[in-house]
Structure formats: C-alpha cells, structure tokens
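What follows is one structure encoded as structure tokens, with my remarks underneath.
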Amino acid sequence: MLQPLILKPVFKERIWGGTALQKEFGYEISSELTGECWAISAHPNGPSVIENGPYAGMTLDNLWSEHPELFGSQKKEVFPLLTKILDANMDLSVQVHPDDAYAKVNENGELGKTECWYIIDCKEEADIIFGHNAQSKEELIQHINEGEWNDLLRRVKIKPGDFFNVPSGTIHALCEGTLVLETQQSSDTTYRVYDFDRRDAEGNLRDLHIEKAIEVTTVPHQNAMNSPRVEEFENAMVTTFVESEFFSVYKWDIHGKVSFSFDEQYLLFSVIKGQGSLIHNGEKYELGKGTHFIIPVGFGEFELDGECEIIVSHT
Ligand code: ZN
C-alpha cells in the first residue's frame with residue numbers, strides 16, 4: 001500500500017546563513033550560520049532520506065533509480081527537482097546559473113539551473129537583486145570589470161507572499177533578511193559574479209567565475225514574471241505561480257478538510273505555515289510547518305485537514 005514519502009532534510013552552513021531554520025521551522029541544527037535546508041533533494045551533494053514506510057532509510061536518489069514505478073513512466077535519468085528553504089541572514093553572492101545545454105558540456109553533465117522563489121518572510125524594506133541594466137555583452141563586461149555594481153544590478157523590493165521565476169541566465173541574489181522556499185532544477189552549479197569582497201572564517205575570499213558568468217548571462221535581461229492565478233475551492237485556495245518546461249509551482253491554502261485525487265503524476269509538498277494532517281487509506285500523517293513529502297504515482301484519493309499553507313510542485 002502506497003504511503004506519502006516523508007523526507008528528512010539536509011542542512012548546509014553558509015557564510016550568509018542564520019538561525020531562522022531552527023527558530024521558524026524547529027529543525028534541530030547546531031550551526032548558527034545555516035543557510036540552506038535541502039528539503040526534497042536527490043542531488044549527490046545532499047540527498048534527503050525517506051523517514052517512514054517501507055522505504056525508510058533510503059535516500060531519494062536511490063529510491064528514484066530502484067523504484068521507478070513510484071515516479072511514473074516519463075522518468076528522467078535523475079530526479080529533476082530540488083526544493084530548498086533558504087535563510088538569507090546576509091546578502092548572497094550575485095550569481096547566475098547555466099542552462100541545460102551549457103551545464104551538460106561544461107559541468108560534467110549536470111543539469112542547468114532554472115529556479116524560482118516564494119518569499120515566506122522578509123524584513124521591512126527588503127529587496128533582491130534581479131536582472132541587470134546592460135544592453136550588450138560589451139556593456140556587461142565593462143560594468144563587471146570596472147566594478148560598477150550599482151549601475152549594473154537591478155534591485156526589486158519584495159514582501160512576504162511574492163513569487164519570482166528565475167530562469168537560467170538571470171543575474172540574481174537574495175538579500176539580507178529574506179526567508180525563501182526555492183524550487184529549482186536539481187543542480188548545484190553557481191557562477192559567482194560578485195561576493196561583496198567578503199571573507200570567510202579563515203579569511204579567504206570565495207571563488208568568482210566571471211568568464212562563465214558572462215558567457216551564460218542573458219543580455220539584455222528578460223523578465224519572466226507572470227501574475228499568479230488564484231482559484232477558490234471549498235476550504236482551499238490554489239495559487240498557480242508558474243507552469244513551465246522545468247516545473248510547475250503552486251501554493252495550496254488549506255482551511256478545513258479538502259479531498260484530492262492524484263494518480264498520474266508524483267507531487268512534491270512543503271508545509272510552510274500552520275499545521276494539519278494528511279489522511280490516506282485510513283492512515284493519518286501529521287503535517288507540521290517544515291514537513292516535506294512526496295506523493296508517488298498511483299497515490300489516489302487523500303484528504304488534507306487543518307489550517308496550513310503548502311508549496312506544491314511537479315515537473
Ligand atoms: Zn541562484
């Protein structure tokens with residue numbers, strides 16, 4: 001009998017990280033510089049482990065290769081998505097990611113990285129770096145070489161509940177005081193353009209990757225934003241943020257008991273607010289803020305009950 005696959009996240013220390021993942025989500029982490037929670041991951045740099053049911057103890061990448069029936073017939077070589085929660089306690093480096101074609105050739109067959117962000121929370125007057133002002137590659141190179149960051153980089157004000165689609169080739173950075181649920185292609189390739197000349201605990205600058213960054217940056221910047229579509233149901237509201245060749249991402253607002261049925265497609269779930277439960281085949285699974293799970297292909301009917309907000313995605 002199929003069960004939801006509840007996942008144990010992996011945490012990553014970052015120089016820009018903080019304590020929001022402990023404080024907001026109750027995860028047991030010792031580091032006060034925790035930047036990333038790899039919540040639903042089959043990436044070799046930090047695969048999540050199944051917590052419950054017949055596959056307990058297996059990593060998601062092993063489950064993907066050993067039990068393809070859970071993920072349907074349109075199976076790709078690697079699990080295509082990676083869900084993270086990011087605590088930007090300080091600014092992240094200004095960066096850009098390659099597309100699939102470039103990463104395949106230059107990064108040992110890695111996937112490219114198109115990503116998207118749901119702003120869970122942020123400080124007042126928070127912003128992000130999103131796009132640039134160069135009209136040609138020459139202009140981009142000139143601004144980078146001269147360190148004219150204020151002229152080059154576009155800043156966009158953000159508030160909780162905002163959503164940003166960040167295609168590969170987009171120059172971007174999360175900035176100080178931002179808590180984000182990120183859905184991305186399963187890739188760990190980042191080209192750093194500018195790191196604010198920061199040094200780590202050992203006094204070292206982090207590597208920059210200027211040449212590759214210039215090669216992959218889309219010039220001029222293209223804005224890939226659509227307005228979200230909201231649908232009201234009894235006891236639920238579904239917001240569609242993006243439906244693209246890489247992923248579709250939704251927010252489900254649950255207010256009470258709601259029935260669903262999914263058979264054809266596996267879905268990824270991250271509870272970002274409130275709590276509730278999932279009822280399936282007479283079994284009840286508690287869902288708290290920070291619970292992440294996948295429902296496999298053939299899961300069928302289930303109910304969600306409670307007051308919670310869930311980010312749902314699929315390829
Ligand atoms: Zn990024």
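In this text, all values refer to a predicted model and were calculated from it rather than measured experimentally. One is the number of the first residue; the rest follow in order along the sequence. Values below: every heavy atom of this structure, side chains too, minus hydrogens, waters and symmetry copies. First listed ligand is number 1; within each ligand, the first listed atom is number 1.
- Contacts classified as side chain to side chain donor-acceptor pair (under 3.5 Å) and involving residues 204-215 (residues at least two apart or in different chains) are given here: Tyr102-Glu215, Glu107-Lys212, Asp195-Arg206.
- Take Leu33 and apply the side-chain contact (heavy atoms from CB on, under 4.5 Å) test, not counting sequence neighbours, and it matches Glu13, Ser31.
- Counting heavy atoms from C-beta outward, Ile294 and Leu70 have side chains that stay 4.5 Å or more apart.
- Sorted by first and then second residue, the salt bridge (Lys or Arg N to Asp or Glu O under 4.0 Å) pairs with a member in residues 132-146 form an empty list; sequence neighbours excluded.
- The only option from His43, Lys113, Glu115, Glu110 that meets the side-chain hydrogen bond (donor to acceptor under 3.5 Å, both in side chains) definition with Ser187 turns out to be Glu110.
- Below the 2.8 Å limit, the Zn ion (ligand 1) has as protein N, O or S neighbours Gln95 OE1, His97 NE2, Glu115 OE1, Glu115 OE2, His172 NE2.
- Aromatic pair Phe262/Phe299: centroids not less than 6.0 angstrom apart.
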